[in-house]
Q: 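Structure incoming, see below.
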Amino acid sequence: MNKEVTSRSKDYAQWYNDLVVKADLADHSAVRGCMVIKPYGFAIWERMQAVLDKMFKDTGHVNAYFPLLIPKSFFSKEASHVEGFAKECAVVTHYRLRNGADGGIEVDPEAKLEEELIIRPTSETIIWNTYKTWVQSYRDLPILVNQWANVVRWEMRTRLFLRTAEFLWQEGHTAHATKEEAITETEKMLGVYADFAENWLALPVIKGVKTANERFAGALDTYCIEALMQDGKALQAGTSHFLGQNFAKAFDVKFTNKEGKHDFVWATSWGVSTRLMGALVMAHGDDRGLVLPPNLAPNQVVIVPIYKSLEELEKISVVAKEIKAKLNSLDIRVHFDDRDNQRPGWKFAEYELKGVPVRIAIGSRDIENNSVEVARRDSGEKMAIPMDNLATTVQKLLWDIQDSIFNKALNYRNENTREANSWDEFESILNDKGGFVSAHWDGTVETADKIKDKTKATIRCIPLDAKKENGTCILSGKPSEQRVLFAKAY
RNA sequence: CGGGGUGUAGCGUAGCCCGGUUAUCGCGCAUGGUUUGGGACCAUGAGACCGCAGGUUCGAAUCCUGCCACCCCGACCA
């Protein structure tokens, strides 16, 4: 197969596709908009799952599982929710097939469902319908449940990982006795996501809240983390919603409080998806391939033997396996690639494509010198490292790489976050440079919509750390108290 | 849903406009040999109902009709 990757400068979208497919993360499937996540891609996703799952459990959450299929009527119970999701749902109408006249298979018209079932686009409705039976007293609260699941949204246009018709995610759905507690939960989980993005994905994010028109269907407030990709477009990397009592009212979930009075339960939901895989590719990848942060890389180190004969390979293997064992003892994930059907140069290129953070090459020459060649993926730097203390050196190197790629992404974001104080300035930044634009906005949906029509840029969020600052809206000229963050987005 | 494109071996492709031996080439695969410090080379070999269904023709990958699927751009979208 041709493993050449299109360069980012030539065609960014093509580069992204090439990387996803050629680095064996995922591939298109027989079904429109649906992808096959290949073992290497899934291994990264499993790492993400493992880390996030621990973070959820450390913050008091438990996992459960709710059905894939949801009765249609559930969706009409929360008005804005159905508005937001009805257009893009897959619907199950029949429950049986039969042999057709032409020898094929056809849907049995006799097997029509009384009530159609919707393949979940998100699970608020089925979960709140269930919570109704779980909650009677304030003593039953809070409910802190997460589920790992697949969802389906019939998107018109799809892109591998970034927007697929079916995707994998986790969705947390919590129920609380008070508004304050629910808001605290919403903010706490946003913090968990930001922590995960920055310390594991090495992806700097802006924490903020969505404006009314970008809000989740059914939420009172949508918090988000926003990241900047290398082409200057923003990517929403995670969301945490304060749902108020909307779903409790829609599904009649009441409890008796300490004073013996009935009240509706307060809700949150929060999620991140396989879209994070796309973020990982676009934030750190280069023209040679993926650059994986060591904390998430399925293999943090690959050892490539260099030899002329099988006897020589055997000698090198003894040393390589010792190194592997030492690295393993420091919890470093190592792959020793002793395949004889590929040459070293081929392996080097392959592991660069796949983004393995550190490569160790060992030949007879190295064994004589009691050292190995160590190469780091992020900078391409190669160095001779003495065999003594190799494991601790590599461990430090992995930490350093994790920091370096985070800082590189952070610098990029800082360099591409600009203030605009006039409409001309605003437009020229978006057209010529891209990135985040920090600007004043009058707070109305109408203005936000107009700006979107004119520039394709949307308000990504109102940053949580935004300072109060009097100014005037870049479009309408009306007064504004703080800047918000605009960008073109995925 | 509009615009564009593609469909030939596991992958990438030539051939199609202008119908005519056994469908081209590369990668990969198998076997043997030489190799191995940045994507090795030689030899031999296997592998294809040319997206599907009709039609025209002595003859269709090629021309005609219909259908299907996927990709890209746009609109849409937590």
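The chains referred to below are lettered A, B, ... by the order of the sequence lines, with proteins before strands, and numbering in each begins at 1. Below, all heavy atoms of this structure are taken into account, side chains as well, without hydrogens, waters or symmetry copies.
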Q: Toss me the dot-bracket line for RNA chain B: Watson-Crick and G-U wobble, both under 3.5 Å, 5' to 3', using | for pairs to another strand and [ ] for crossers.
A: (((((((..(((.......[....))).((((((.....)))))).....(((((..]....))))))))))))....
Q: Does A:Arg339 reach a base, just sugar-phosphate, or nothing at all? Heavy atoms under 4.0 Å.
A: nothing
Q: Would you say the side chain of A:Val272 lies within less than 4.5 Å of the side chain of A:Tyr193, judging by non-hydrogen atoms?
A: yes
Q: In whole angstrom, what separates A:Lys210's NZ from B:rC77's P?
A: 13 Å
Q: If I pick the C1' atom on B:rC17 and the same atom on B:rA61, what distance separates them, to the nearest angstrom?
A: 14 Å
Q: Can you tell me how far P in B:rG74 sits from the matching atom in B:rA53, rounded to whole Å?
A: 36 Å
Q: Taking the same atom, P, in B:rC71 and in B:rU57, what whole-Å distance lies between them?
A: 39 Å
Q: Heavy atoms under 4.0 Å, any strand shown: does A:Trp270 hit a base, just sugar-phosphate, or nothing?
A: nothing
Q: Where the side chain of A:Arg359 is defined as all heavy atoms beyond and including C-beta, which of B:rC77, B:rC72, B:rG38 is the nearest nucleotide?
A: B:rG38
Q: By the 4.0 Å heavy-atom rule, please label A:Ala13 as base, sugar-phosphate, or nothing.
A: sugar-phosphate
Q: Rounded to whole angstrom, note down the P distance from B:rC1 over to B:rA23.
A: 40 Å
Q: Taking only the side-chain nitrogens and oxygens of A:Asn17, find out if one of them lies under 4.0 Å from OP1 or OP2 of B:rC71.
A: no
Q: Mind checking the P distance from B:rA46 to B:rC25? Whole angstroms is fine.
A: 14 Å
Q: Could I get the full list of salt bridge (Lys or Arg N to Asp or Glu O under 4.0 Å) partners for A:Lys38, not counting sequence neighbours?
A: A:Asp24
Q: Without decimals, in angstroms, what is the distance between A:Asp18 CG and B:rC71 P?
A: 15 Å
Q: In whole angstrom, give me the gap between the C1' atoms of B:rC50 and B:rG12.
A: 16 Å
Q: Taking the minimum atom-to-atom distance to the side chain of A:Phe348, which one of B:rG38, B:rG37, B:rC77 wins?
A: B:rG38
Q: Which pairs with one or both residues in residues 306-316 of chain A pass salt bridge (charged side-chain N to carboxylate O under 4.0 Å, His left out), sequence neighbours excluded?
A: none
Q: On RNA chain B, check which nucleotide each of A:Gln14 and A:Glu214 is closest to and give me the residue with the more 5' one.
A: A:Gln14
Q: Listed by chain and number, what are the salt bridge (Lys or Arg N to Asp or Glu O under 4.0 Å) partners of A:Glu446, not counting sequence neighbours?
A: none
Q: Answer with base, sugar-phosphate or nothing: what part of the nucleic acid does A:Arg275 contact at a heavy-atom distance below 4.0 Å?
A: nothing
Q: Who pairs with A:Phe426 by ring pair (Phe, Tyr, Trp, His ring centres under 6.0 Å), at least two apart in sequence or on another chain?
A: A:Trp423, A:Phe486
Q: Using the side-chain heavy atoms of A:Trp346, tell me which of these nucleotides is nearest: B:rC71, B:rG39, B:rC76.
A: B:rG39
Q: Quick one: is the NZ or CZ of A:Arg359 closer than 6.0 Å to the six-membered ring centre of A:Phe348, and within 45° of its axis?
A: yes
Q: For the pair made of CE in A:Met156 and P in B:rG3, what is the distance, rounded to whole Å?
A: 15 Å
Q: Give a yes or no on whether a donor-acceptor pair under 3.5 Å exists between the nucleobase atoms of B:rG38, that is its base, and the side chain of A:Glu352.
A: yes
Q: Write down the distance separating the C1' atoms in B:rG10 and B:rG3, rounded off to the nearest Å.
A: 33 Å
Q: Could you list the protein-to-nucleotides 31-36 of chain B atom pairs, N/O on both sides, closer than 3.5 Å?
A:
residue	atom	partner	partner atom	Å
B:rU36	O4'	A:Arg343	NH2	3.4
B:rU36	O2'	A:Tyr307	O	2.8
B:rU36	N1	A:Tyr307	O	3.3
B:rU36	O4	A:Lys308	O	3.3

Q: If you look at every strand shown and take non-hydrogen atoms under 4.0 Å, does A:Glu373 touch a base, only sugar-phosphate, or nothing?
A: base
Q: Students often get this wrong, so: under 4.0 angstrom with heavy atoms, is A:Thr458 touching a base, only sugar-phosphate, or nothing?
A: nothing
Q: Does OP1 or OP2 of B:rG38 have a side-chain N or O of A:Lys382 closer than 4.0 Å?
A: no
Q: For A:Leu235, check side-chain contact (heavy atoms from CB on, under 4.5 Å) against everything at least two apart and list the hits.
A: A:Leu162, A:Met229, A:Arg275, A:Ala279, A:Tyr490
Q: Please list all pairs meeting salt bridge (charged side-chain N to carboxylate O under 4.0 Å, His left out) that have one or both residues in residues 10-19 of chain A, counting only residues at least two apart or in different chains.
A: none
Q: Identify, with sequence neighbours excluded, every residue that meets salt bridge (Lys or Arg N to Asp or Glu O under 4.0 Å) alongside A:Arg120.
A: none
Q: Would you please say whether a donor-acceptor pair under 3.5 Å links the side chains of A:Tyr307 and A:Asp340?
A: yes
Q: When you get a sec, tell me which of B:rA75, B:rG37, B:rG38 is the closest nucleotide to the side chain of A:Arg365?
A: B:rG37
Q: Quick one: salt bridge (Lys or Arg N to Asp or Glu O under 4.0 Å) partners of A:Glu226, sequence neighbours excluded?
A: A:Lys210, A:Arg460
Q: Which nucleotide sits closest to the side chain of A:Ala349: B:rG37, B:rG38, B:rC77?
A: B:rG38
Q: For nucleotides B:rC42 and B:rG28, find the distance between their P atoms and express it as a whole number of Å.
A: 11 Å
Q: Check the interface with nucleotides 68-70 of chain B: list each N/O to N/O pair with the protein under 3.5 Å, or write none.
A:
residue	atom	partner	partner atom	Å
B:rC70	OP1	A:Arg32	N	2.6

Q: Only counting residues at least two apart or in another chain, list the ones meeting side-chain contact (heavy atoms from CB on, under 4.5 Å) with A:Asn246.
A: A:Glu78, A:Leu220
